[in-house]
Chemist: 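Below you'll find the structure I mean.
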There are 2 protein chains.
Amino acid sequence: MYNVIHTMMEREETRIFHDYLKRTRLKHTAQRDLILDVFLDTEDHVSSEDLYHLVKVKDPTVGFTTIYRTLKLLVECGLARELEFHDGRMLYEHEYKHTHHDHLICTQCGRLIEFYDEQIESLQDDIVRRYGFKSLRHSHRIFGICAECQQAEKDAEKVGHHAVALTN
Amino acid sequence: MYNVIHTMMEREETRIFHDYLKRTRLKHTAQRDLILDVFLDTEDHVSSEDLYHLVKVKDPTVGFTTIYRTLKLLVECGLARELEFHDGRMLYEHEYKHTHHDHLICTQCGRLIEFYDEQIESLQDDIVRRYGFKSLRHSHRIFGICAECQQAEKDAEKVGHHAVALTN
DNA sequence: CTTAGTGCAAACCGTTTGCAAATGC
DNA sequence: GCATTTGCAAACGGTTTGCACTAAG
């Protein structure tokens, strides 16, 4: 019931999507609207599978395939950004009105930390210019261990030492 | 025949690999030696499949699996670096005595251009420090169209215009 | 009523794994 | 001889595709 109400108070993103569909002569369907809506309700990063499960809750008849195909449309119309995760999966994040950023990726817990550095961005522009390259997008990922996992590691070590002390 | 001679004049990398095998109590096999040797003879970037075919020429009995498993060992002992390509495949490049660098990737022809920027590297260090992150590796890729493909595009456009002019 | 979208199942593709036989040490 | 490695075939996992059916415009 409140699904209907929810879609009534049209978000700016919905309008962008509908315009895009019209412009490219694609059809406006209930599934596409639902998927966009569920995507907009997420925070941070979702995988296609995450989104599939979230959509399933609201309409269990929607298939995998439609999720993938719709996510692609969202990327094309600038509402979503694709991000290659650490294990090869794709993650999706909001793109509209979100400033560009890159990621620190914890290889232990999968946590994503966003960073942005003006200087790096402009140095990138220099590099691209130097090679006569036409830059379309970039992916700057730093892999490592986040502060929390480092702490957890240290804690585990302590416990380990205790255990050794006790068993000796 | 000259395979034997070739392996006789042992490269520094071969020694590193053998040391690594000994250290980790892994076995020294003809396949592993051959794969390393073929890998060292490549330039730039090879996919596992590229390497598989190159190895096949010298010994057609070697299987896929051994290539994959050996490449992993080469990464572990610091002789090879894994690079996520544009389409999800992995590429391998020489790591030993090769300075670190990142890549411009042409999404049209797949060309890889290496770049290195000291300032970006040190800005990265700053960022990592700011978040208490322990950096293990990074992947900085700029996707776009290389100078050659841009030129080719322009040339194609010209031809296109001619064609239109002629058919009109 | 024409064209595009949907859901399903099957295909895909690079990579990984289980296993029996072969090999290093 | 014991453990590791090999090559094969089959499994995997995320994504894509072919197709008959349904729905949008």
Side-chain angles (χ1 to χ4, degrees), chain A residues 7 14 17-39 45-77 80 82-92 110, chain B residues 7 14 17-36 38 45-77 80 82-92 110:
Chain A
T7 34
T14 313
F17 189 41
H18 290 175
D19 285 357
Y20 173 76
L21 293 177
K22 227 166 241 167
R23 192 155 21 93
T24 53
R25 289 174 182 70
L26 298 174
K27 284 171 181 168
H28 170 220
T29 71
Q31 289 93 326
R32 285 176 175 171
D33 273 358
L34 175 61
I35 292 167
L36 170 57
D37 220 55
V38 171
F39 173 67
H45 314 84
V46 272
S47 66
S48 352
E49 207 180 322
D50 293 339
L51 193 59
Y52 173 66
H53 290 303
L54 291 171
V55 167
K56 273 271 170 189
V57 174
K58 299 214 174 183
D59 179 355
T61 69
V62 180
F64 268 132
T65 323
T66 308
I67 303 286
Y68 278 109
R69 290 194 274 225
T70 305
L71 275 170
K72 226 171 224 173
L73 296 179
L74 297 183
V75 170
E76 270 161 35
C77 69
E82 238 174 2
L83 169 67
E84 279 173 66
F85 195 48
H86 146 237
D87 58 3
R89 270 152 64 214
M90 283 293 187
L91 295 186
Y92 294 85
Chain B
T7 33
T14 313
F17 189 41
H18 290 175
D19 285 356
Y20 174 76
L21 293 177
K22 225 165 244 167
R23 192 157 19 94
T24 53
R25 288 173 184 69
L26 298 174
K27 283 171 183 171
H28 171 219
T29 71
Q31 290 93 327
R32 284 176 176 170
D33 273 359
L34 175 60
I35 292 167
L36 171 58
V38 171
H45 313 85
V46 273
S47 65
S48 352
E49 207 179 324
D50 292 339
L51 193 59
Y52 173 66
H53 290 303
L54 291 169
V55 167
K56 273 270 169 189
V57 174
K58 300 214 174 182
D59 179 355
T61 69
V62 180
F64 267 132
T65 322
T66 308
I67 304 285
Y68 279 110
R69 290 194 274 225
T70 305
L71 275 169
K72 224 170 227 176
L73 296 178
L74 297 182
V75 170
E76 270 161 36
C77 69
E82 239 174 3
L83 169 66
E84 277 173 67
F85 195 46
H86 144 238
D87 57 2
R89 271 152 64 212
M90 283 293 187
L91 296 186
Y92 295 85

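As a basis for the values below, the full set of heavy atoms in this structure was taken, side chains included, without hydrogen atoms, waters or symmetry mates. Naming: A, B, ... by sequence-line order, numbering from 1 per chain.
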Chemist: Using heavy atoms to find the nearest nucleotide of DNA chain C for B/K27 and B/R69 separately, return the residue whose nucleotide is more 5′.
Modeler: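 Closest to the 5' end, via its nearest nucleotide, is B/R69.
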
Chemist: Taking CZ from B/R25 and P from D/dT5, how many angstroms apart are they, rounded to a whole number?
Modeler: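 Between P of D/dT5 and CZ of B/R25: 13 Å.
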
Chemist: Taking the minimum atom-to-atom distance to the side chain of A/T61, which one of D/dT15, C/dG7, C/dT16 wins?
Modeler: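 Selected nucleotide: C/dG7.
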
Chemist: Are B/L74 and B/Y92 packed together at the side-chain level, in the sense that at least one heavy-atom pair is separated by less than 4.5 angstrom?
Modeler: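 A side-chain contact is absent here, since even the closest heavy-atom pair is not under 4.5 Å.
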
Chemist: Between A/F64 (CZ) and C/dA11 (P), how many Å, whole number?
Modeler: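 It is 17 Å, rounded to the nearest whole Å.
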
Chemist: Choosing from C/dG14, C/dT6, C/dA4, which nucleotide comes nearest the side chain of B/E49?
Modeler: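 Among C/dG14, C/dT6, C/dA4, the one nearest the side chain of B/E49 is C/dG14.
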
Chemist: Could you give the CD1-to-P distance, from A/I67 to C/dG5, as a whole number of Å?
Modeler: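 Spelled out: CD1 on A/I67 to P on C/dG5 is 16 Å.
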
Chemist: What integer distance in Å separates B/L73:CG from D/dT5:P?
Modeler: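 Nearest whole value for this atom pair: 8 Å.
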
Chemist: Choosing from C/dG5, C/dT16, D/dT15, which nucleotide comes nearest the side chain of B/Y68?
Modeler: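 The listed nucleotide nearest to B/Y68's side chain is C/dT16.
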
Chemist: When you measure from the side chain of A/T29, which nucleotide among C/dG7, D/dG25, C/dG5 comes out closest?
Modeler: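 The closest nucleotide is C/dG5.
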
Chemist: Just the rounded figure in Å: distance from C1' of D/dT6 to CD1 of B/I35.
Modeler: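 Atom-to-atom, B/I35 to D/dT6, this comes out as 10 Å.
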
Chemist: So, is B/Q31 close to the D/dG7 phosphate, meaning a side-chain N or O under 4.0 Å from OP1 or OP2?
Modeler: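 Indeed, a polar side-chain atom of B/Q31 lies that close.
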
Chemist: Does a side chain donor of either A/K72 or A/Y68 reach within less than 3.5 Å of an acceptor in the other side chain?
Modeler: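 Their side chains do not contain a donor-acceptor pair, so the 3.5 Å distance test is not met.
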
Chemist: Remember a base hit wins even if backbone is also touched, and classify B/K72 as base, sugar-phosphate or nothing at under 4.0 Å, heavy atoms.
Modeler: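 Contact class for B/K72: sugar-phosphate only.
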
Chemist: If you look at every heavy atom in A/F85 and A/G110, which pair is closest and at what distance?
Modeler: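 Shortest heavy-atom contact: CZ-O, 3.5 Å.
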
Chemist: Are any side-chain N or O atoms of A/D37 and backbone N or O atoms of A/L34, one a donor and one an acceptor, separated by less than 3.5 Å?
Modeler: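 No; zero donor-acceptor contacts below 3.5 Å.
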
Chemist: Could you pick out which residue, A/L21 or B/G88, lies toward the 5' side of DNA chain C when each is mapped onto its nearest nucleotide?
Modeler: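 On the 5' side of the pair lies A/L21.
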
Chemist: Under 4.0 Å, heavy atoms only, any strand: does A/S48 hit a base, just the sugar-phosphate, or nothing?
Modeler: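 Touches sugar-phosphate only.
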
Chemist: Between atom NZ in B/K56 and atom P in D/dC8, what is the gap in whole Å?
Modeler: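 So the two atoms are 6 Å apart, to the nearest Å.
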
Chemist: Can you figure out which of C/dC8, C/dG5, D/dG7 approaches the side chain of A/T65 most closely?
Modeler: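 Taking heavy atoms from C-beta onward, the closest nucleotide is C/dC8.
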
Chemist: Write down the distance between CZ (B/F85) and P (C/dG14), rounded to a whole number of angstrom.
Modeler: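 After rounding, the gap between these two atoms is 12 Å.
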
Chemist: Restricting to non-hydrogen atoms, name the atom on B/R32 and the atom on B/L26 that form the minimum distance, rounded to 0.1 Å.
Modeler: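 Residues B/R32 and B/L26, closest heavy atoms: NH1-CB, 3.9 Å.
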
Chemist: By nearest heavy atom, map B/L26 and B/Y52 onto DNA chain D; which one lands nearer the 5' end?
Modeler: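 First, find each residue's nearest nucleotide; the 5'-ward one identifies B/L26.
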
Chemist: Report the distance from atom CD of A/E82 to atom C1' of D/dG14, rounded to the nearest whole Å.
Modeler: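 Value for this atom pair: 12 Å.
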
